[in-house]
Each structure stands twice: as C-alpha cells, then as structure tokens.
Trainee: 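I am attaching a structure below and will ask some questions about it afterwards.
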Amino acid sequence: MKKVLIISSSLRKNANSEQLAASFADGAKAAGHDVEIVSLRDKEIGFCIGCFACQKTKRCFMHDDADAIREKMLCADVLVFATPIYYYEMSGALKTMLDRANPLYPSDYRFREVYALATAAEDEEYVPQRAFSGIEGWADCFEKSELVGTLFCGGVTDIGEISGNAKLQEAFEMGKNI
Ligand SMILES: Cc1cc2nc3c(=O)[nH]c(=O)nc-3n(C[C@H](O)[C@H](O)[C@H](O)COP(=O)(O)O)c2cc1C
C-alpha cells in the first residue's frame, strides 16, 4: 500500500483537472492505496522569496497553508500534481506551491514517484509539454524521485466539460496501476 498525495491546483470548483485528479484517486483507492486529495482552492500560499534559510533549517520562515501541504508531501510515497494549462504552463498556484516545497529538498522526503495531470482548451500534443517539463524539472531536483507518468485531456474549456470524457477512465487506470 502506498501513501498517495494528489494536489489539485485549479482554483475553480468542479474543475476539469480536479475531476481528472478524482478519477486518478478512485483508481488508486480501488488498488488499495491510501489516497488524499488536497485542493489549493481557498488556501493562502505566499510566494517563495528565495532566502534559502530552509536549506539549513528544513523549515520555511513564512507560515501559511503551505506548511500543512508540505508536511503531507514529506510523508507521501507518490505525489500527483493536477493542473489546468495556463498560457502553456502549469497554473501559478501549483508553481507557487512547488517553490514553497523547497524545505523538503534537504529533508528525508519519502516520495519516489511523481505523476502530472493536465487539462486545456486546445487538444494538441504540444499544449501540456511545458507544464509537464516544469514538473519533471521539479521532480528531477529531488534526486530520489522522478516523473513517471503524465496524462493530458485537451478540448475542455468550461467547468465540468470533461464529464464523460474517456480520459477520466485513463486517469482511473493510471491511478490503479501506480
Ligand atoms: C489564464 C488562463 C490561461 C489559459 N491558457 C490556456 C492555454 O495556453 N492553452 C489552452 O489550451 N487552454 C488555456 N486555458 C484554458 C484552460 O486550460 C481550460 O479551461 C481548462 O479546462 C481549465 O482547467 P480546470 O477546469 O481544471 O481549471 C487558459 C485558461 C486561463 C484561465
């Protein structure tokens, strides 16, 4: 049994990427894993100021909702990041959280596998590439971890438009096979 933490970074309710995350979670639960989804909606997460104090103390001097999320990231075996594509990149909310995870870098983090899920209006292969590459860059910095899977659902713009999309089943299978 793996401890799976899914971070959903769309700030709108019933978001397409959130539904992709929920299907991934259902699959992982069906396989017997311990799964938690954390949404960045309604969270206060300040920008990393780059002071590097955390590299000595393993803590951030700033205290906000990033503290609890970082603690969950520290203890998870598998991290899953779900993001809407914003200007061919990951959401600002997710990037802000990844930066604020910097205290994990010198810590004894458990995660080894990272997955990335994304949704966008356009349905072309290149659309999520920069976002996936950014998440891969983050995972590569944590030497014991790597980006092991990505899933993209294009062609969805409005809230809930992903409903009934075959990619939801793919997300379920991906979660089941972690
Ligand atoms: C600020 C902003 C930028 C966006 N940029 C892109 C883009 O570059 N390419 C694209 O295909 N869709 C883009 N979209 C559309 C969203 O990716 C799309 O609506 C997606 O389904 C949102 O996912 P969510 O429902 O999980 O929030 C953008 C939307 C917003 C609000």
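Residue indices begin at 1 and follow the sequence shown. Indexing begins at 1, ligand by ligand and atom by atom, following the structure's order.
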Trainee: Under 6.0 Å from the ring centre and within 45 degrees of the ring axis: does the NZ or CZ of K144 meet both conditions for the six-membered ring of Y109?
Mentor: yes
Trainee: Kindly indicate whether the side chain of L79, heavy atoms from C-beta on, has any atom under 4.5 Å from the side chain of M73.
Mentor: yes
Trainee: Between Y88 and Y126, what is the ring plane arrangement, given parallel below 30°, perpendicular above 60°, and tilted in between?
Mentor: tilted
Trainee: Using heavy atoms and a cut-off under 4.0 Å, could you grab the residues that are in contact with ligand 1, chain by chain, numbers ascending?
Mentor: S10, R12, A15, N16, S17, P84, I85, Y86, Y87, Y88, T119, A120, A121, E122, V127, V156, T157
Trainee: Please table the atom pairs, donor to acceptor, closer than 3.5 Å between any side-chain atom in residues 50-61 and protein atoms at least two apart or in another chain.
Mentor:
unit_1, atom_1, unit_2, atom_2, d
Q55, NE2, N102, O, 3.0
T57, OG1, A53, O, 3.2
T57, OG1, R59, N, 3.1
T57, OG1, R59, O, 3.1

Trainee: With a 4.0 Å cut-off, would you call E18 and R41 a salt bridge?
Mentor: yes
Trainee: Quick one: do E125 and Q129 satisfy side-chain hydrogen bond (donor to acceptor under 3.5 Å, both in side chains)? Show the steps, please.
Mentor: CA-CA 7 Å; E125 214 181 300; Q129 290 314 319; 5.2 Å; no
